[in-house]
Peer 1: 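One structure, pasted below without further comment.
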Amino acid sequence: MTKNKLVLIDGNSIAYRAFFALPLLNNDKGVYTNAVYGFTTMLLKVLEEEKPTHMMVAFDAGKTTFRHDTYSSYKGTREKTPPELAEQLPVMRELLDAFSIPYEEIENYEADDIIGTLSRHASDAGWETTIFTGDKDLLQLVDKHTTVTLTKKGITNVEAYDPDALHERYGLRPDQIVDMKGLMGDSSDNIPGVPGIGEKTALKLLAAYDTVEGVYEHIDEISGKKMKQNLSENEEQARMSRKLAEIYRTAPVQTELAALAWEQGDPKTIKAFFEEMGFQSLLGRIPGLEEEKPEELADIDVKKAEELRPEMLTEGTALVVESLEENYHHAVMIGVALANENGTWVLDPSACTESDLFREWAENEERTKWVFDAKRAVVTLGWEDVFLSGITFDVQMASYLLDPGASSHDIAAITSRRSGMQVQVDEQVYGKGKKQAVPPEEELVQHLGRKAAAARELKPILEKELKQNEQLALLTDLEMPLSVILGRMERHGVAVDEKELHRIGESLTERLAEMEKTIYSLAGTEFNINSPKQLGEILFEKLGLPVLKKTKTGYSTSADVLEKLEPEHEIISSILTYRQLGKLNSTYIEGLLKSVHSKTGRIHTRFNQALTQTGRLSSTDPNLQNIPIRLEEGRKIRKAFIPTSSGEVILAADYSQIELRVLAHMAQDTSLIEAFNQGMDIHTKTAADVFGVSPEDVDSNMRRTAKAVNFGIVYGISDYGLSQSLGITRKEAAAFIETYLKNYPGVQDYMESSKAFARENGYVTTMMNRRRYLPEITSKNFNQRSFAERTAMNTPIQGTAADIIKQAMVDMSRALDESGLSGTMLLQVHDELIFETPEKEAEKLSRLVAETMEKTVSLDVPLKVDVSYGSTWYDAK
DNA sequence: GCAGTCACGC
DNA sequence: GACGTACGTGACTGCA
């Protein structure tokens with residue numbers, strides 16, 4: 001027989017810990033979940049590590065217990081349970097029900113007493129018991145069979161006490177814990193103890209006299225007049241305190257130990273509970289669920305085909321091109337799946353790439369295909385020199401447009417949201433990290449077939465929804481043509497001058513070494529400057545600089561804090577420079593060098609087209625949308641970005657103030673429209689209006705302020721955000737915003753109507769009907785509501801600007817084709833497009849780009865594009 | 001492997 | 001009046 005292992009959990013104590021350790025999370029239904037979440041993570045950890053045979057969770061019952069008869073102020077200082085926690089306590093019981101874990105509360109007794117009683121029974125029976133709590137009082141229950149595990153920091157960071165560990169930590173036997181409490185008291189339970197005696201003194205007294213009784217027997221031997229007096233005067237109180245701290249080990253617990261037997265809850269019930277609570281991240285940890293999952297999936301009719309046949313390639317065939325690598329520029333295809341009205345098939349990659357039939361079908365624009373993630377398919381096949389064309393539907397893009405806020409747009413998630421089919425999550429099939437691997441063929445065929453079949457099934461469903469939202473054109477005329485264009489840009493890549501990167505890197509490394517020496521000597525010691533923790537200790541403890549801001553883990557050492565400390569110590573400016581140079585070296589020099597593709601010697605970023613909430617693109621591996629420009633030091637990195645061939649130049653075209661122009665147009669603000677029509681400098685104009693002076697009298701400081709205000713309008717920052725960026729108070733920032741809105745009543749009205757639209761419809765839209773859903777706009781939580789309101793004001797502006805530049809890229813791609821020019825689009829950086837072109841054609845291309853971008857859409861203000869070119873990206877300024 | 005902190009762009 | 005406050009990506013530390 002295996003040995004019995006009992007786990008007892010102090011429910012209220014753990015719930016409190018979890019509640020205060022975690023931010024106030026709530027799920028999509030607006031219900032607070034942080035305590036339940038924390039409790040659940042602890043529970044899962046306990047199940048995984050302790051593997052109990054018996055379990056029970058004890059809760060406190062009601063407000064008063066028998067201890068109040070002894071001492072009416074017991075727990076008198078305890079604050080009322082916060083309502084955000086109180087509402088979670090019943091949910092905790094639902095959780096335990098889902099796991100089939102018994103729980104109990106007994107009128108007049110505390111959870112401690114239930115635990116004390118059961119652990120005594122278990123210990124008598126020779127069972128091994130572990131008690132989980134955040135309350136040190138329970139240490140009195142430790143014995144040779146019983147371990148008490150205390151939460152230390154957070155919720156899953158714990159420390160286990162057996163008799164030895166307890167002795168090592170406190171020098172006490174378990175039964176002396178109550179004597180300690182008797183002497184030192186416990187402020188959280190409002191147990192008084194003896195005044196003037198804290199943990200240290202209590203431990204010293206107990207080391208000498210063993211118990212409270214012992215202390216009073218030897219009261220005459222105690223040195224220290226004041227302490228002796230305190231002890232004598234509070235003898236009664238000490239005895240009472242000791243009694244209060246004593247856990248009652250014969251509480252009327254009805255449950256027999258045997259009834260606490262536990263194997264595992266029903267995985268499906270637990271899964272349903274997790275899904276209801278929004279605990280997506282915990283789904284993978286449900287005991288017993290993993291083995292069941294594959295059985296749920298009935299096999300679908302997929303055939304492994306050795307070669308391609310015409311019946312597989314009809315109109316509207318769903319195509320899946322599978323590879324494991326997230327970065328498809330390094331992808332190795334592991335399979336191709338096709339699904340249409342004739343069936344579903346999976347083929348080896350070579351059966352496709354080496355087949356003329358496949359190539360003709362894939363490259364023929366007239367032969368329509370449906371895919372999941374068009375750009376991935378285009379680029380993956382592109383690396384095999386297959387030029388995929390004729391994609392008319394992208395399931396992933398459709399999902400993104402319908403539901404940009406969804407936490408994931410992988411095919412498993414989309415399928416479970418919108419169809420009855422089931423597709424496994426890639427991570428479950430392939431594993432992740434080091435354990436990632438191709439599964440046995442049968443499993444792979446099923447998975448890929450299922451993906452293709454799902455894409456085929458989802459297409460009409462998503463298409464119908466897009467039509468209802470009037471978003472179909474956004475998909476078919478904008479995003480999908482753009483996918484192909486972006487795919488070409490990515491596959492083409494950007495040439496870099498590696499020698500130049502190395503040169504800059506060497507100089508940076510040298511300067512970093514010097515800075516390091518300077519910093520060590522100014523600090524008087526060597527330490528890791530890159531560690532905010534160590535740096536904080538040096539600045540704020542060793543050098544005694546004033547602490548202006550703290551983070552949740554310690555001192556803040558961010559640039560804005562350090563800038564304020566600059567006059568205090570000369571080490572600060574060195575640290576700021578060190579950080580700056582370090583960033584350039586590690587992210588931009590070393591990072592970019594690592595990204596040079598071994599096959600092409602170029603850099604191939606990936607633009608994520610289905611990610612941001614506003615409709616902007618993002619760029620990864622490497623991110624080419626945040627190459628330094630502001631400080632000259634960093635800007636030099638751009639010297640390493642060069643055209644493919646000699647005789648070519650880099651050409652950059654950027655929209656000037658596109659967001660503010662969009663704002664002027666959308667808000668129909670006469671003053672702003674006029675300013676743009678007259679070609680005024682918009683920050684000067686804003687400064688003149690906000691400060692009430694004429695444009696000629698605007699000084700640089702006023703313009704700087706106005707620029708920050710405009711920045712705030714464009715990015716939807718709060719008065720707090722504005723105050724931070726200008727280094728002024730929140731009140732002053734709020735006053736600027738108010739003056740701004742008074743001067744531009746059109747903007748004021750627009751902001752109000754945008755919020756009203758969001759409240760009424762639950763979403764906001766851009767010019768091209770991109771949506772962003774804002775359920776929090778009606779939240780009772782001030783923060784959430786304010787955030788949603790700022791988003792409602794800002795997203796239509798930023799999103800419309802994103803729409804416009806995307807449209808410009810589509811237009812530009814066509815214009816390039818039609819012009820006969822040989823320039824190529826390389827990158828997009830939110831409001832600018834980067835090209836490479838033969839120098840001979842640079843002037844022509846400049847005019848074409850400016851014209852095309854400026855007339856992409858027609859607003860009530862002109863769109864202005866600045867174009868420049870040079871031998872490197874740096875010189876295109 | 002993960003969270004936290006910091007820094008770069010728009 | 002408090003709440004914690006534009007969106008992205010990536011490097012690094014320090015903990016599990």
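Numbers restart at 1 for each chain; the letters A, B, ... are given by sequence-line order, proteins then strands.
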Peer 1: With a 4.0 Å cut-off on heavy atoms, is A/Q613 in touch with a base, just the backbone sugar-phosphate, or nothing at all?
Peer 2: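 Sugar-phosphate only.
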Peer 1: Report the residue from A/T614, A/T800, A/T795, A/D803 that forms a side-chain hydrogen bond (donor to acceptor under 3.5 Å, both in side chains) with A/T766.
Peer 2: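 Going through the options one by one, the only one that passes is A/D803.
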Peer 1: Counting any heavy atom closer than 4.0 Å, what does A/S556 reach on the DNA or RNA strands: base, sugar-phosphate only, or nothing?
Peer 2: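 Touches sugar-phosphate only.
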Peer 1: Can you check whether A/R606 has a side-chain N or O nearer than 4.0 Å to OP1 or OP2 of C/dT9?
Peer 2: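 The answer is no; no side-chain N or O of A/R606 sits under 4.0 Å from OP1 or OP2.
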Peer 1: Would you say the side-chain atoms of A/Y400 pair up with the backbone N or O of A/T612, donor to acceptor, closer than 3.5 Å?
Peer 2: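 Pair found, side chain donor or acceptor close to backbone of A/T612.
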Peer 1: Among the candidates C/dA6, B/dC6, C/dG8, find the nucleotide nearest to the side-chain atoms of A/T551.
Peer 2: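 The nucleotide sitting nearest to the side chain is B/dC6.
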Peer 1: Checking the side chain of A/K806 only, and the main-chain atoms of A/G615 only, is there a donor and an acceptor separated by less than 3.5 Å?
Peer 2: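 Yes; at least one donor-acceptor contact below 3.5 Å.
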Peer 1: Using only atom types and a distance under 3.5 Å, with no angle test, would you say the side chain of A/R638 pairs donor to acceptor with the backbone of A/P628?
Peer 2: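 A pair under 3.5 Å: yes.
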Peer 1: Using OP1 and OP2 only, check whether a side-chain N or O of A/K533 sits under 4.0 Å from C/dC15.
Peer 2: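 Yes, within the criterion.
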Peer 1: Picking from B/dT5, B/dA7, C/dT5, which would you name as closest to the side chain of A/R790?
Peer 2: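 The answer is C/dT5.
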Peer 1: Could you tell me how far apart A/L827 (CG) and B/dC10 (P) are, to the nearest whole angstrom?
Peer 2: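 In whole Å, B/dC10 P lies 13 Å from A/L827 CG.
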Peer 1: Counting heavy atoms not belonging to A/E738, are there more than 12 under 6.0 Å from its CD?
Peer 2: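 Counting other residues, nucleotides and ligands, CD of A/E738 stays at 12 neighbours or fewer.
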Peer 1: When all nucleic acid strands are considered with a 4.0 Å heavy-atom cut-off, which category describes A/R730: base, sugar-phosphate, or nothing?
Peer 2: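 The answer is base, as A/R730 lies within the cut-off (heavy atoms under 4.0 Å) of a base atom.
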Peer 1: What nucleic acid atoms does A/T614 come within less than 4.0 Å of, heavy atoms only: base, sugar-phosphate, or nothing?
Peer 2: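 Since no nucleic acid heavy atom lies under 4.0 Å of A/T614, the category is nothing.
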Peer 1: Whole Å only: how far is the CG atom of A/L512 from the P atom of C/dA11?
Peer 2: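 Interatomic distance, CG of A/L512 to P of C/dA11: 16 Å.
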Peer 1: OP1 or OP2 of C/dG8 sitting under 4.0 Å from any side-chain N/O of A/T620?
Peer 2: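 So the side-chain polar atoms of A/T620 never come under 4.0 Å of the phosphate oxygens OP1 or OP2 of C/dG8.
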Peer 1: A/R616 side chain: which of B/dC10, B/dC2, B/dG9 is closest?
Peer 2: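 Nearest listed nucleotide: B/dC10.
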Peer 1: A/K594 near the nucleic acid: base, sugar-phosphate alone, or nothing, with a heavy-atom cut-off under 4.0 Å?
Peer 2: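 No contact at all - A/K594 keeps every heavy atom at 4.0 Å or more from the nucleic acid.
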Peer 1: What integer number of Å spans the P atoms of C/dG4 and B/dT5?
Peer 2: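 Roughly 15 Å separates the two P atoms.
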Peer 1: Return the value, rounded to whole Å, for the distance between atom CD1 of A/I737 and atom P of C/dT5.
Peer 2: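 Rounded to the whole Å, the gap is 16 Å.
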Peer 1: I need the CG-P distance between A/L617 and B/dG9, as an integer number of Å.
Peer 2: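 So the two atoms are 19 Å apart, to the nearest Å.
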Peer 1: Which of these nucleotides, B/dG1, C/dG8, C/dA2, is closest to any side-chain atom of A/N623?
Peer 2: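 Selected nucleotide: C/dG8.
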Peer 1: Looking at the side chain of A/K552, which of B/dT5, C/dA11, C/dA6 is the nearest nucleotide?
Peer 2: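 Comparing B/dT5, C/dA11, C/dA6 against the side chain of A/K552, the answer is B/dT5.
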Peer 1: Determine the Euclidean distance between corresponding P atoms of C/dT5 and B/dG4; express it in Å to zero decimal places.
Peer 2: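 One P to the other, the span is 13 Å.
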Peer 1: From NZ of A/K45 over to P of C/dC15, roughly how many Å is that when rounded to an integer?
Peer 2: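 Distance, rounded to whole Å: 16 Å.
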Peer 1: Over all strands shown, is A/D621 touching base, sugar-phosphate only, or nothing at heavy-atom distances under 4.0 angstrom?
Peer 2: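 A/D621: backbone/sugar contact only, no base atoms under 4.0 Å.
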Peer 1: What's the closest nucleotide to the side chain of A/T553 if the choices are C/dG10, B/dG4, C/dT13?
Peer 2: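 Among the listed nucleotides, the one closest to the side chain of A/T553 is B/dG4.
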Peer 1: So, does the side chain of A/S718 form a donor-acceptor pair with the base of C/dT5 at under 3.5 Å?
Peer 2: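 Per atom types, the contact qualifies.
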Peer 1: Counting just side-chain N and O atoms, does A/K432 come under 4.0 Å of either OP1 or OP2 of B/dC2?
Peer 2: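 For A/K432, the contact criterion (side-chain N or O under 4.0 Å from OP1 or OP2 of B/dC2) is met.
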Peer 1: Take atom CD1 of A/I658 and atom P of B/dC10, then tell me their distance rounded to the nearest Å.
Peer 2: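 Rounded to the whole Å, the gap is 14 Å.
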Peer 1: Is A/T557 close enough to B/dC6 that one of its side-chain N or O atoms is under 4.0 Å from OP1 or OP2 there?
Peer 2: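 The answer is yes; a side-chain N or O of A/T557 sits under 4.0 Å from OP1 or OP2.
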Peer 1: Starting the side chain at C-beta, find the nucleotide from C/dT13, C/dC7, C/dG10 nearest to A/N528.
Peer 2: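 When the side chain of A/N528 is considered, C/dT13 is the closest of C/dT13, C/dC7, C/dG10.
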Peer 1: May I ask you to check whether over 12 heavy atoms, not counting those of A/K639, lie within 6.0 Å of atom NZ?
Peer 2: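 Atom NZ in A/K639 is crowded, with more than 12 foreign heavy atoms closer than 6.0 Å.
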Peer 1: Assign A/V829 to base, sugar-phosphate, or nothing according to its heavy-atom contacts below 4.0 angstrom with the strands shown.
Peer 2: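 If one applies the 4.0 Å heavy-atom cut-off, A/V829 turns out to touch the sugar-phosphate alone, with no base involved.
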Peer 1: Any side-chain heavy atom of A/L624 within less than 4.5 Å of one from A/F641?
Peer 2: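 Touching, per the 4.5 Å side-chain cut-off.
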Peer 1: Which one, B/dT5, B/dC10, C/dG8, comes nearest to the side chain of A/D831?
Peer 2: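 So the nucleotide nearest the side chain must be B/dC10.
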Peer 1: Calculate the interatomic distance between A/Y720 atom OH and C/dA6 atom C1'; express it in whole Å.
Peer 2: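 Result: 14 Å.
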Peer 1: Report which part of the nucleic acid A/N530 touches: base, sugar-phosphate, or nothing (heavy-atom distance under 4.0 Å, all strands).
Peer 2: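 It contacts sugar-phosphate atoms only.
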Peer 1: Tell me what A/Q580 touches on the nucleic acid: a base, only sugar-phosphate, or nothing, going by heavy atoms under 4.0 Å.
Peer 2: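 Touches sugar-phosphate only.
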Peer 1: Have a look at A/I627 and say if it touches a base, only the backbone sugar-phosphate, or nothing, with a 4.0 Å heavy-atom cut-off.
Peer 2: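 If one applies the 4.0 Å heavy-atom cut-off, A/I627 turns out to touch the sugar-phosphate alone, with no base involved.
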Peer 1: Base, sugar-phosphate or nothing for A/S619? Non-hydrogen atoms, less than 4.0 Å.
Peer 2: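 The residue A/S619 makes sugar-phosphate contact but no base contact.
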Peer 1: Partner lookup for C/dC3, please. Criteria are Watson-Crick or G-U wobble with both distances under 3.5 angstrom; report none if nothing qualifies.
Peer 2: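 C/dC3 is paired with nothing.
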Peer 1: Nearest to the side chain of A/T612 - C/dC3, C/dC7, B/dC8?
Peer 2: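 The answer is C/dC7.
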Peer 1: Any base atoms under 4.0 Å from A/F782, or only sugar-phosphate, or nothing? Heavy atoms, all strands.
Peer 2: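 Contact class for A/F782: base.
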Peer 1: When you measure from the side chain of A/E590, which nucleotide among C/dG8, C/dC12, B/dG1 comes out closest?
Peer 2: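 The nucleotide sitting nearest to the side chain is C/dC12.
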Peer 1: Would you say that more than 12 heavy atoms from the other residues, nucleotides or ligands in this model lie under 6.0 Å from the CD of A/Q436, or not?
Peer 2: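 Counting other residues, nucleotides and ligands, CD of A/Q436 exceeds 12 neighbours.
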Peer 1: Which whole-number value in Å describes the distance from A/L584 CG to B/dC6 P?
Peer 2: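 These atoms are roughly 18 Å apart.
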Peer 1: Paired with B/dG1 by Watson-Crick or G-U wobble geometry, both distances under 3.5 Å: which nucleotide is it?
Peer 2: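 Answer to the pairing question: C/dC15, which forms a Watson-Crick or G-U pair with B/dG1.
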